[in-house]
Amino acid sequence: MPSTYEKIATTTLGSATASYTFSSISGSYTDLVLVLVGSNSNGAYLIQVGNGSVDTGTNYSRTFMYGDGSVAGSNKSTSASSIVATSGTLSLQPSIMNFMNYSNTTTYKTLLTRGNDSAYSTAAIVGLWRSTSAINTIKIAGFGGVNLDTGSTFTLYGIKAA
């Protein structure tokens, strides 16, 4: 990683679990990067953020774009209770999520995520949390109520002066 990246925390799951939460995230960076190398049976994650606790209200939106070399498509959702961040991680492919301007208290928060799986597709998602609160909590869960698999690794980086 570039020298502007500072590892905040990393964890590798020792057993399957419903979710993992990064909490008490310092507001001293300009942006956050979350790298997920993991799997679950749906190949997608639910992301919720918050300040002190995760926001479970309908304050999230996303636009999803994907392609597999033959077919491309997109869809969007609004007023959701989380951001669905698909990555096709059925085979332990990495997914990278960028949280821009996460500590700013005057703007809504944007999440960009990219992921791929050679057996499925490449995807890009733009997510929005409609809150001006700073993010200091990020929760990752398996889509559709499935567990995050044993061995999944989640690493959170802070970006200095992006």
Would you say the side-chain atoms of Ser28 and Ser26 include a donor-acceptor pair closer than 3.5 Å?
-> yes

ILVMFWY cluster, Val35 and Ile159 together (side-chain gap under 4.5 Å) = yes

Is there a side-chain contact between Phe143 and Val84 (heavy atoms, below 4.5 Å)?
-> yes

Hey, is the main chain of Ser103 close enough, under 3.5 Å, to the side chain of Lys109 for a donor-acceptor pair?
-> no

Excluding sequence neighbours, so at least two apart, what forms ring pair (Phe, Tyr, Trp, His ring centres under 6.0 Å) with Phe22?
-> Tyr20

Is there a side-chain contact between Thr137 and Thr21, using heavy atoms and a 4.5 Å cut-off?
-> yes

Is a side-chain N or O of Asp68 found less than 3.5 angstrom from the main chain of Val71, in a donor-acceptor match?
-> yes

Side chain to side chain donor-acceptor pair (under 3.5 Å) assessment of Ser81 paired with Thr56 = CA-CA 5 Å; Ser81 60; Thr56 59; over 6 Å; no

Point-to-point distance, once rounded to the nearest 0.5 Å, from CG of Leu112 to CD1 of Ile125 | 10.0 Å

Looking only at side chains, do Asp55 and Trp129 share a donor and an acceptor under 3.5 Å apart?
-> yes

Should the pair Phe154 and Tyr45 be assigned to parallel (<30°), tilted (30 to 60°) or perpendicular (>60°) ring geometry?
-> perpendicular

Flag side-chain contact, heavy atom, 4.5 Å: Leu36 against Ile140 = yes

Arg114 and Ser95 side chains, donor-acceptor separation under 3.5 Å | no

Using a 4.5 Å side-chain heavy-atom cut-off and chaining through intermediate ILVMFWY residues, the residues clustered with Tyr108 come out as Leu128

For Arg62, which of Asn75, Thr78, Leu111 qualifies under side chain to side chain contact (heavy atoms under 4.5 Å, CB included)?
-> Asn75

How far apart are the closest heavy atoms of Lys160 and Tyr29, and which atoms are they?
-> CG-CD2, 4.1 Å

Please tell me if the side chains of Ile25 and Ile138 come closer than 4.5 Å, counting only heavy atoms from C-beta onward.
-> yes

Side-chain touch Thr132/Thr107, heavy atoms, less than 4.5 angstrom | no

Tell me, do Ile96 and Leu34 make a side-chain contact under 4.5 Å, heavy atoms counted?
-> no

Identify the heavy atoms of Gly52 and Asn136 that sit nearest to each other, and give their distance.
-> N-OD1, 2.7 Å

Close side-chain approach of Ser152 to Leu13, heavy-atom, < 4.5 Å = yes

Within-4.5 Å side-chain heavy-atom neighbours: Ile47 and Met97 | yes

Pairwise distance CG(Leu32) to OH(Tyr5) - rounded to 0.5 angstrom | 11.0 Å

Minimum heavy-atom distance Leu46-Ser82, with the two atoms named = CD2-OG, 3.4 Å

Taking atom types as modelled, find out whether Ser79 and Thr58 have a side-chain donor-acceptor pair closer than 3.5 angstrom.
-> no

If only atom types and distance count, is the side chain of Asp149 paired as donor or acceptor with the main-chain N or O of Ala16 below 3.5 Å?
-> no

Distance col, row Ser131:OG vs Tyr60:OH, nearest 0.5 angstrom, shows 8.5 Å

Derivation of the side chain to side chain contact (heavy atoms under 4.5 Å, CB included) call for Asp31 and Asn98 = CA-CA 7 Å; Asp31 300 284; Asn98 297 85; over 6 Å; no

What's the shortest heavy-atom distance between Ile135 and Phe99, and which atoms?
-> CD1-CD2, 4.3 Å

State yes or no: do Ile8 and Val49 share one hydrophobic cluster built from I, L, V, M, F, W and Y residues joined by side-chain heavy-atom distances below 4.5 Å, directly or via other members?
-> yes

